[in-house]
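These numbers come from the heavy atoms of this one structure, side chains and all, not from hydrogens, waters or symmetry mates. Just so it is clear: chains get the letters A, B, ... in the order the sequence lines come, proteins before strands, and each one is counted from 1.
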Protein chains: 2
Amino acid sequence: MTITNLRLAQFRNFYDQSFDFSKGVNIIIGPNAVGKTSLLEAIYLMCTGSTFRAEENLVQEGQKWARIDINYSDNKTRTLKITGDNKLFEEEKQSAKRPKRPVILFEPNELFLFYQNPNARREYVDTRVASAKRGYSNTVTQYKRALAHRNKLLKTRRGATETMFVWDLKLAELGQQIATERKQYVSQLNKHINPIYQKISNHKEEVSVEYVSSLSVDSSYTTNLLKKLQDNLHKDFETGYTNFGPHRDDIAFKIFGKGVKTIASRGEIRTIMLAMKKIEADQLENPVILLDDVFSELDSLRRQRVVGLFGANQVFITTTEADLVIKKLSAPHSTIVF
Amino acid sequence: MTITNLRLAQFRNFYDQSFDFSKGVNIIIGPNAVGKTSLLEAIYLMCTGSTFRAEENLVQEGQKWARIDINYSDNKTRTLKITGDNKLFEEEKQSAKRPKRPVILFEPNELFLFYQNPNARREYVDTRVASAKRGYSNTVTQYKRALAHRNKLLKTRRGATETMFVWDLKLAELGQQIATERKQYVSQLNKHINPIYQKISNHKEEVSVEYVSSLSVDSSYTTNLLKKLQDNLHKDFETGYTNFGPHRDDIAFKIFGKGVKTIASRGEIRTIMLAMKKIEADQLENPVILLDDVFSELDSLRRQRVVGLFGANQVFITTTEADLVIKKLSAPHSTIVF
């Protein structure tokens, strides 16, 4: 089932506009600030029920509501109404309700992942694990709460060492679950990333992903973390935070064994992210692929290969210009020009 | 004086390669990961004595040293040698020493500025102020030290309230200098940014920049901050850090009065950054302009206007593809194709 038509009314900068789509690759071409990303956002909203951008101004300035209609290839329609004040989304017709659709989004801000501090990378992996593993998200929440309690004790210095031990134990137990799941996910990522990367780059780079922890992630993790926490209590009191645990781990992306941040060009880093998206896509059933400004920083050969990579799905790509590559596309495709 | 030729030996991925440049616009075209950014980096190194990237691998893998030769339009040459082990840079000939050249660099990672936390924006402004105002950098260092001392007191709870007062006073006095200088810089930025932005976009956007502080930045700032610090001592003890002062301020970039992060497209945000670069360039004498992958995310009209904006200087632009725009350039220019 694919999206055949999208109609946007009073949504972002669209007053009332309708778009027909191909079941293959859809290239959305236009200058800056005409609403290319908003078009992807509307599809994303319909698939997931939430936006990937700041919600402000979903409803066009001066209007009270916005409306999105999507037609699918099975001739069914889905309608979403967005109210201006509280930004709630309402299904208009009960009959139009259908399950959310799997969607893969690439948007350039995600590339921050490789430059930001480890927290962003931990969150990325946590989100991926949580979407596949029931209960994981709850484990992470519990861990964060226990950590906050322990850090509060470290700062206020109220409460005896016995109170601290309760939190240490909780952190060690939850920590093992988190580190184990993350390591497993990262090892899966590592297994698949290289061949996909090489397919896009057409070179023999060696890309790898590694889970970096100060403790070895195995069956003795709980015991080891508990010991670490107790041995380093003095240091923790001095710094005012907990120095060991999965909240200090990192995910290292490497090319030829060296950190991407120091060795990779921006085009290479973008290629790594796209390989990760492809891995995500392969785990879902018939996902919609949204690629916002994906061509930037890629040379024309990589552009062609990216389209090829996702070509079996329905793909939406925004770009600032009609590129020569587009004319050479072998996949069924249509172009929308603003 | 312009750069007429650059020779790179064993530098990054160049074994031995020489490039001739035009005194106008130089477009460096090539696919991903061939060394386009490294070429700009070499020029930047010669101009400033330091790199804008992680230093690792400045010397080509397997080699012991790298060498950069630059020829200027006055027929003088400057040579830089880079050793592999300690990465020190040495001038080869005493006679070749010449003052560093002013340089303006745009590189896409800088766009994080608009998405990151306020710290990045404060640092951006601090760097700009420091380059124009003698002693400012020292003021900032002193402030940071005093803040670290005070925060340490808050965490360890050692030392009486009298000790705290010494740091409060220091913070209040230095804080006034910092907030005043920053506000003045931001107000200058605000004055110039809009006309330049509009020149690139060709639209009537209203772009503005604002210094955001919890205290009004005027002659009573020291007194007010001192009072704030003392009134909120209890809160500071609870949180374990200092809740008031210029280290908590922000610089707000807006379009039509709304935060760029929520309202602007990536092309618009890029345009704001380029306008800021133009303002920097106007404050320097004949700077070299390095624009790394500047065309990404910009439509072809904005591309043309960006080139026009900096066209009076010697400009180096990297891009992944020969763009139609380039053929229409009226400025004197040359293209280097990898």
Side-chain angles (χ1 to χ4, degrees), chain A residues 29-38 53-57 61 107-109 111-112 115-116 151-152 154-157 200-201 203 205 237-241 255-256 258-259 261-268 270-271 292-293 295-303 319-325, chain B residues 29-38 53-57 61 107-109 111-112 115-116 151-152 154-157 200-201 203 205 237-241 255-256 258-259 261-268 270-271 292-293 295-303 319-325:
Chain A
I29 304 164
N32 294 137
V34 295
K36 300 188 297 298
T37 303
S38 300
R53 302 205 284 177
E55 282 196 27
E56 202 189 336
N57 297 314
E61 190 99 14
E107 61 109 16
N109 287 343
L111 298 170
F112 293 178
Y115 300 97
Q116 277 173 326
N151 285 344
K152 182 110 186 172
L154 290 172
K155 274 179 191 156
T156 58
R157 290 166 180 261
I200 307 175
S201 77
H203 287 120
E205 286 96 347
F237 266 121
E238 276 222 329
T239 55
Y241 60 84
I255 292 191
F256 294 122
K258 290 185 177 169
K261 202 172 159 182
T262 58
I263 199 181
S265 77
R266 287 184 58 85
E268 289 175 315
R270 195 171 269 252
T271 306
D292 194 19
D293 215 348
F295 289 156
S296 292
E297 301 172 338
L298 292 184
D299 56 50
S300 57
L301 281 172
R302 285 186 198 221
R303 290 178 185 191
T319 179
T320 46
E321 51 181 339
D323 188 87
L324 294 171
V325 171
Chain B
I29 304 163
N32 294 138
V34 294
K36 300 186 298 297
T37 303
S38 300
R53 301 205 285 177
E55 283 196 27
E56 203 189 336
N57 297 314
E61 190 99 12
E107 59 109 17
N109 287 342
L111 298 170
F112 293 180
Y115 300 96
Q116 278 173 325
N151 285 344
K152 181 109 185 170
L154 290 172
K155 273 178 193 160
T156 60
R157 291 168 178 259
I200 306 175
S201 77
H203 288 120
E205 285 95 347
F237 266 121
E238 275 221 332
T239 55
Y241 59 83
I255 291 192
F256 293 122
K258 291 186 177 167
K261 202 173 159 182
T262 58
I263 199 182
S265 77
R266 288 185 58 85
E268 288 175 317
R270 196 171 269 252
T271 306
D292 194 18
D293 215 346
F295 289 156
S296 292
E297 302 172 337
L298 292 183
D299 57 50
S300 59
L301 281 172
R302 285 188 197 219
R303 289 177 185 193
T319 179
T320 46
E321 51 181 337
D323 187 87
L324 294 171
V325 171

Chain B contact via A/Ser38 - which portion, at a heavy-atom distance below 4.5 Å:
neither

With a 4.5 angstrom heavy-atom cut-off, which part of A/Thr262 approaches chain B: side chain, backbone, both or neither?
both

Tell me, side chain or backbone of B/Lys258 under 4.5 Å from chain A's heavy atoms, or both, or neither?
side chain

Region of B/Ser296 in contact with chain A, defined by heavy-atom distances below 4.5 Å:
both

Can you say whether B/Glu205 sits under 4.5 Å from chain A via the side chain, the backbone, both, or neither, judging by heavy atoms?
neither

Closest heavy-atom contact between B/Asp293 and B/Arg270?
O-NH1, 2.8 Å

Heavy-atom side-chain contact between B/Leu298 and A/Thr320 under 4.5 Å
no

Between B/Arg53 and chain A, which part of the residue has a heavy atom less than 4.5 Å away: side chain, backbone, both or neither?
neither

Might you point out which heavy atoms bring B/Arg302 and B/Ile200 nearest each other, and give the distance in Å?
CG-O, 3.6 Å

Distance-minimising heavy-atom pair for B/Ala264 and B/Ile255
CB-CD1, 4.0 Å

Proximity breakdown for A/Asp292 and chain B, heavy-atom pairs closer than 4.5 Å
neither

So which heavy atom on A/Pro31 is nearest to which on A/Lys36, and how close?
O-NZ, 2.9 Å

Report which part of B/Leu154 has an atom under 4.5 Å of a heavy atom belonging to chain A: side chain, backbone, both, or neither.
neither

Could you pull out the closest heavy-atom pair between B/Ala33 and A/Glu268, with the gap in Å?
CB-OE2, 3.4 Å

